[in-house]
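Below you'll find the structure, written out as structure tokens, and then a few comments.
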Amino acid sequence: AKKEFEAVIGAAPGSDDAARARERLLDVENRIKVAGYFKQSSDYREKKELDAALSVTLKILAIEPENALALYDMAVTYHIMEKKDEAIDFLKKAIKINPDYTDAHFQLGAIYELMGRNEEAVAEYERAAGKDKEESKKAEERLEALARLKEAQGRSERIKAFLAVGDMQSALQEAEA
């Protein structure tokens with residue numbers, strides 16, 4: 001494709017066709033660079049060279065600022081680095097660009113859950129659930145687990161209240177329920 005674009009540019013350098021060919025050639029070259037950067041970033045992440053992974057992913061965003069996958073990769077890397085706030089920021093940016101990005105919703109829900117922000121986790125898992133993807137199934141499982149956790153926490157609070165007033169019988173009944 002590159003040779004074809006160069007041939008058009010060479011045949012009539014000042015023409016509108018040449019200008020369009022230059023634009024297309026630049027687009028093709030950028031796509032090739034971006035693909036290479038994604039590979040490099042993934043390789044660095046696998047080797048746990050996380051700062052290098054971030055640096056390479058930033059090169060993608062310099063070329064394609066609205067690349068939701070690159071934003072997601074930044075978030076994943078920050079999550080691995082245990083920089084949850086940065087991860088959340090990048091996930092929100094990815095979701096703003098692609099509101100149906102199931103993986104981003106799931107990852108955001110997982111981070112919220114780790115932070116104890118269960119209501120926000122549930123909301124993100126619900127956005128990820130119901131779609132035909134593996135992350136959707138995982139989201140549904142996390143929703144069920146969070147519902148069980150909420151139920152257990154409520155039961156625990158009721159048991160504490162019964163014990164605080166000396167009602168051992170009711171506390172035992174609640175514990176067995």
Side-chain angles (χ1 to χ4, degrees), residues 37-62 64-177:
Y37 290 149
F38 270 119
K39 172 79 171 100
Q40 286 177 356
S41 177
S42 176
D43 291 346
Y44 281 131
R45 218 177 0 268
E46 283 182 27
K47 294 186 283 188
K48 304 294 185 217
E49 296 177 26
L50 302 177
D51 288 327
L54 290 174
S55 177
V56 171
T57 308
L58 285 172
K59 290 179 182 182
I60 297 169
L61 292 171
E64 298 179 355
E66 301 283 305
N67 189 312
L69 179 57
L71 294 165
Y72 176 82
D73 281 357
M74 291 289 291
V76 169
T77 305
Y78 276 122
H79 187 191
I80 293 167
M81 297 170 81
E82 298 185 17
K83 295 182 176 183
K84 291 176 181 57
D85 290 331
E86 289 88 342
I88 289 169
D89 289 343
F90 278 98
L91 288 167
K92 286 181 176 180
K93 289 176 185 176
I95 290 167
K96 184 176 181 183
I97 292 165
N98 181 357
D100 295 326
Y101 199 161
T102 303
D103 294 345
H105 284 291
F106 180 81
Q107 190 69 235
L108 186 54
I111 293 171
Y112 283 148
E113 185 177 354
L114 286 171
M115 297 174 79
R117 295 165 60 176
N118 290 346
E119 287 182 26
E120 291 164 292
V122 166
E124 291 304 323
Y125 287 144
E126 285 175 345
R127 289 181 184 104
K131 296 184 174 51
D132 189 26
K133 283 192 82 171
E134 183 64 27
E135 295 300 322
S136 172
K137 293 174 186 146
K138 290 179 188 176
E140 289 170 4
E141 290 170 5
R142 297 307 314 146
L143 281 168
E144 290 172 14
L146 285 171
R148 288 191 305 272
L149 174 64
K150 187 174 182 176
E151 182 181 316
Q153 288 171 331
R155 189 176 312 118
S156 175
E157 291 301 315
R158 289 188 297 275
I159 291 169
K160 286 179 189 176
F162 288 134
L163 292 174
V165 295
D167 188 351
M168 185 64 89
Q169 182 68 27
S170 295
L172 285 172
Q173 288 174 341
E174 185 66 32
E176 291 173 355

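Here the structure is a predicted model, which is why all the values come from computation and not from measurement.
Looking at residues two or more places apart in sequence or on another chain, you find a side chain to side chain contact (heavy atoms under 4.5 Å, CB included) between Ala123 and Arg127. The side-chain hydrogen bond (donor to acceptor under 3.5 Å, both in side chains) test applied to Glu82 returns no partner, not counting sequence neighbours. The side-chain hydrogen bond (donor to acceptor under 3.5 Å, both in side chains) search around Gln40 returns none, not counting sequence neighbours. Taking Asn67 as the reference, Glu64 meet the side-chain hydrogen bond (donor to acceptor under 3.5 Å, both in side chains) condition, with sequence neighbours excluded. Scored by the side chain to side chain contact (heavy atoms under 4.5 Å, CB included) test, Ala121 finds Tyr112, Glu113, Tyr125, Leu146 as partners (sequence neighbours excluded). Applying the side chain to side chain contact (heavy atoms under 4.5 Å, CB included) rule to Ala53 yields the partners Ser41, Tyr44, Arg45, Thr77; only residues at least two apart in sequence or on another chain are considered. Applying the side chain to side chain contact (heavy atoms under 4.5 Å, CB included) test to Glu157 and every residue at least two apart in sequence or in another chain returns Lys160. With sequence neighbours left out, Glu46 forms a salt bridge (Lys or Arg N to Asp or Glu O under 4.0 Å) with no residue at all. With sequence neighbours left out, the side-chain hydrogen bond (donor to acceptor under 3.5 Å, both in side chains) criterion links Lys59 to no other residue. Every residue two or more places apart in sequence or in another chain was checked for a salt bridge (Lys or Arg N to Asp or Glu O under 4.0 Å) with Glu86, and none qualifies.
Distance check: Leu71 CG to Ile60 CD1 gives 10.0 Å after rounding to the nearest 0.5 Å. To the nearest 0.5 Å, the span separating CG on Asp43 from CZ on Phe38 amounts to 13.5 Å.
Residues Lys84 and Leu114 are in side-chain contact: their nearest non-hydrogen atoms beyond the backbone lie under 4.5 Å apart. Between Asp51 and Met81, some side-chain heavy-atom pair lies under the 4.5 Å cut-off. Side-chain contact between Met115 and Ile88 is present, with heavy atoms from C-beta onward closer than 4.5 Å.
Among residue pairs with one or both ends in residues 161-177, those qualifying as salt bridge (charged side-chain N to carboxylate O under 4.0 Å, His left out) are Arg158-Glu174; sequence neighbours excluded.
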Let me have the donor-acceptor pairs involving side chains of residues 89-99, under 3.5 Å, with sequence neighbours excluded, atom names and distances please.
{"unit_1": "Asn98", "atom_1": "OD1", "unit_2": "Asp100", "atom_2": "N", "d": "3.2"}

With side chain to side chain contact (heavy atoms under 4.5 Å, CB included) as the test, would you mind laying out the steps for Leu54 and Tyr78 before giving the verdict?
CA-CA 8 Å; Leu54 290 174; Tyr78 276 122; 3.7 Å; yes
Can Leu58 and Met74 be said to form a side chain to side chain contact (heavy atoms under 4.5 Å, CB included), step by step?
CA-CA 8 Å; Leu58 285 172; Met74 291 289 291; 3.7 Å; yes
